[in-house]
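What follows is one structure encoded as structure tokens, with my remarks underneath.
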Amino acid sequence: MNTLAASELVLNEDGSVYHLNLLPEDIAHKIILVGDPNRVAKVSQYFDKIEIKKNKREFYTHTGTLRGERITVMSSGIGTENIDIVMNELDALVNIDLKNKELKSEHTSLELFRLGTCGSVNPDIEVDNMLVTQNVVGLDGLLHFYQDYHFENEFSKNFLEHFPYEKIKPMLYFSDWAEDISDYYKDAKYHGNTATFPGFYAPQGRQLRLKAVDDQFLETLNNLGVTNFEMETSAIYGLSKLLGHKALTVNCVIANRRRGEFSADHHASEKNMIEWVLERLVK
Ligand code: R1P
Ligand code: URA
């Protein structure tokens with residue numbers, strides 16, 4: 001069996017994975033991923049008890065139990081480059097023997113739930129509601145560095161056929177699992193197609209002092225079926241598919257980009273989303 005070199009699977013002095021600073025026993029197999037490190041305690045306050053609190057850089061982790069079931073909440077910070085680290089190191093915690101640095105013969109699948117915030121690009125999708133992601137369009141580029149993953153459905157075929165920006169190479173993903181467990185989440189106000197970007201401003205069509213490549217960007221993507229914008233889900237869905245994990249994103253809509261509106265109280269809508277997801281996550 002191949003042993004991974006010290007430069008490839010990097011560990012800290014205590015044997016924990018390099019960025020997440022976690023040992024295999026520090027995580028549950030049901031994991032909530034949030035972008036904002038401050039959201040970790042807003043989730044774990046509902047746990048029966050918290051056993052583990054660890055952090056390094058923007059990666060804060062709390063593990064405990066919720067209604068008796070072991071659960072982890074972790075912050076990823078912003079962006080798909082952080083998700084690359086989170087997904088590979090979480091996977092290493094369950095699928096690589098960290099002591100001898102060899103791949104385990106049995107695969108363990110994690111259940112990952114992103115609880116994030118997003119902006120809507122469909123004028124009818126109102127702020128302060130939740131949107132569950134079915135298809136995701138990656139406009140960030142991360143997955144181009146991994147082995148090919150080919151996926152096709154009606155949404156992806158139509159999107160790729162009509163996507164007009166030659167310099168941007170989209171990659172599309174779909175969560176089968178989101179469909180499998182859609183019963184739990186069917187009362188979310190919106191189910192949609194999320195686009196993930198490598199930035200918050202021009203990549204999402206925002207123009208402060210700098211011009212974005214196209215004034216019609218929001219309308220163009222919305223006409224192709226995209227409902228909302230954020231910065232992590234393509235990497236979560238794509239890497240979950242490649243690594244054999246299950247993933248679902250629920251975002252609360254805090255901006256309606258087409259109407260120029262921002263939530264009057266995004267803390268309240270974030271709290272509402274956390275309570276709504278936790279209610280469904282552990283019965
Ligand atoms: C941008 O403000 C951040 O908010 C959204 C975006 O995806 C990006 O990470 O999600 P989170 O609220 O989970 O961080
Ligand atoms: N997060 C984003 O990435 N974009 C938005 O418009 C709102 C939250």
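These numbers were taken from a predicted model, which means no experiment stands behind them. We count residues from 1, following the sequence as given.
Note: L248 CG to Q134 CD = 9.5 Å, rounded to the nearest 0.5 Å. With rounding to the nearest 0.5 Å, the separation of CG in L281 from CH2 in W276 is 11.0 Å. Distance check: F197 CZ to Q204 CD gives 6.0 Å after rounding to the nearest 0.5 Å. To the nearest 0.5 Å, atoms CE (M273) and CD1 (I254) are separated by 9.0 Å. Within the model, atoms CG of D91 and CG of L242 stand 10.5 Å from one another, a figure rounded to the nearest 0.5 Å. Annotation: the span from K101 atom NZ to N2 atom CG amounts to 14.0 Å, rounded to 0.5 Å.
Side-chain contact between L22 and L93 is present, with at least one heavy-atom pair separated by less than 4.5 Å. Contact of the T249 side chain with the V132 side chain is not registered, since no non-hydrogen atoms from C-beta on lie closer than 4.5 Å. Counting heavy atoms from C-beta on, the side chains of I50 and T63 never come closer than 4.5 Å. You'll find the side chain of P37 stays beyond 4.5 Å of the side chain of R39, heavy atoms only. With a 4.5 Å cut-off on side-chain heavy atoms, L103 and N95 do not count as touching. Side-chain atoms of L33 and L115, non-hydrogen and from C-beta on, never get closer than 4.5 Å to each other. Two residues are said to be in side-chain contact when any heavy atoms from C-beta on lie closer than 4.5 Å; V34 and M74 fail this criterion. You'll find the side chain of E102 stays beyond 4.5 Å of the side chain of L4, heavy atoms only.
Between the side chain of S75 and the backbone N or O of G77 there is no donor-acceptor pair closer than 3.5 Å. Judged by distance alone, with hydrogens and angles left aside, the side-chain atoms of S109 form a donor-acceptor pair with the main-chain N or O of G244 at under 3.5 Å. Distance alone, capped at 3.5 Å, is enough to place a donor-acceptor pair between the N223 side chain and the E219 backbone. Put simply, the side chain of T72 gets close to the backbone of A28: a donor and an acceptor are under 3.5 Å apart. Under the 3.5 Å distance criterion, the side-chain polar atoms of K169 are left unmatched by any main-chain donor or acceptor of G141. Looking at E8, its side chain never comes within 3.5 Å of a backbone N or O of A5 through a donor-acceptor pair. The closest donor-acceptor contact from the side chain of N193 to the backbone of G225 lies under 3.5 Å. In terms of modelled atom types and a separation under 3.5 Å, the side chain of T196 and the main chain of S234 share a donor-acceptor contact. Without hydrogens or angle criteria, E232 side chain to T80 main chain gives no donor-acceptor distance under 3.5 Å. Using a distance-only test at 3.5 Å, with no hydrogens or angles considered, a donor-acceptor pair links the side chain of N153 to the main chain of S156.
Counted by atom type alone, N228 and T194 present one or more donor-acceptor pairs between their side chains at under 3.5 Å. Checked by atom type, the side-chain pair N55/N21 shows no donor-acceptor distance below 3.5 Å. With hydrogens and angles left out, the side-chain atoms of H62 and S44 include a donor and acceptor closer than 3.5 Å. One side chain, E89 or H19, offers a donor N or O that lies under 3.5 Å from an acceptor on the other. With 3.5 Å as the limit, one finds a donor-acceptor pair spanning the side chains of Y146 and D84. A side-chain donor from one of E58 and N82 sits under 3.5 Å from a side-chain acceptor of the other. Side-chain contact of R258 with N222: a donor-acceptor pair under 3.5 Å is present, judged by distance alone. Side-chain atoms of S120 and N122 form no donor-acceptor pair, as typed in the model, at a separation below 3.5 Å. N251 and T117 share no side-chain donor-acceptor pair at under 3.5 Å.
In this structure, the ring of H245 has its center less than 6.0 angstrom from the ring center of H107.
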E126 vs Y190, side chain to side chain contact (heavy atoms under 4.5 Å, CB included): CA-CA, chis, key distance, verdict
CA-CA 9 Å; E126 291 172 2; Y190 304 113; 3.8 Å; yes
Passes side chain to side chain contact (heavy atoms under 4.5 Å, CB included), M231 versus D140? Steps please.
CA-CA 8 Å; M231 298 174 64; D140 52 287; over 6 Å; no
Working for side chain to side chain contact (heavy atoms under 4.5 Å, CB included), residues M171 and H144
CA-CA 8 Å; M171 289 192 83; H144 291 301; 3.3 Å; yes
Go through the steps for W177 and Y237 under the test ring pair (Phe, Tyr, Trp, His ring centres under 6.0 Å), then give the verdict.
CA-CA 10 Å; W177 193 53; Y237 278 23; 9.5 Å; no
Pair L9-L11, side chain to side chain contact (heavy atoms under 4.5 Å, CB included): steps then yes or no:
CA-CA 6 Å; L9 174 61; L11 301 179; 4.3 Å; yes
Begin from the C-alpha positions of F174 and F155 and carry the test ring pair (Phe, Tyr, Trp, His ring centres under 6.0 Å) through to its verdict.
CA-CA 10 Å; F174 172 74; F155 172 78; 9.5 Å; no
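Counted within 6.0 Å of CD on E25, heavy atoms from surrounding residues, nucleotides or ligands total more than 12; the atom is thus considered enclosed. The environment of Y60 atom OH is sparse: at most 12 non-hydrogen atoms of other residues, nucleotides or ligands sit within 6.0 angstrom. Other residues, nucleotides and ligands contribute more than 12 heavy atoms inside 6.0 Å of the CG atom of L208. Within 6.0 Å of NZ in K283 there are more than 12 heavy atoms belonging to other residues, nucleotides or ligands.
Residues E275 and K271 are paired through a salt bridge, judged by an N-O separation under 4.0 Å between the basic side chain and the carboxylate. Between D26 and K53 no salt bridge is recorded (no basic side-chain N to carboxylate O distance below 4.0 Å). Under the 4.0 Å criterion applied to side-chain N and carboxylate O atoms, D48 and R67 are not assigned as salt-bridge partners. Taking 4.0 Å as the cut-off between side-chain N and carboxylate O, R70 and E51 count as a salt-bridged pair. The pair E261-R259 meets the salt-bridge criterion, since a charged nitrogen lies less than 4.0 angstrom from a carboxylate oxygen. Using a cutoff of 4.0 Å between basic side-chain nitrogens and carboxylate oxygens, E230 and R114 are scored as salt-bridged.
The nearest pair of heavy atoms linking D97 to K104 is N-CG, 3.8 Å. The shortest non-hydrogen separation linking L131 to G192 is CD2-N, 3.8 Å. When all heavy atoms of L139 and P170 are compared, the closest pair comes out as CD2-CB, 3.6 Å. Across A247 and I236, no two heavy atoms sit closer than the pair CB-CG2, 3.8 Å. Nearest approach of V137 to V226, heavy atoms of both residues: CG2-CG2, 4.2 Å.
For R206 and F200, the positive end sits near the middle of the six-membered ring, less than 6.0 Å away and at most 45° from its axis. Annotation: cation-pi geometry satisfied between K56 and Y18 (NZ/CZ under 6.0 angstrom from ring centroid, within 45° of ring axis).
Shown are L66, I27, I31, V43; of these, the side chain to side chain contact (heavy atoms under 4.5 Å, CB included) with I71 is made only by L66.
Relative ring orientation between H266 and F262 is described as perpendicular, the plane-to-plane angle rising above 60° on a 0-90° scale split at 30° and 60°.
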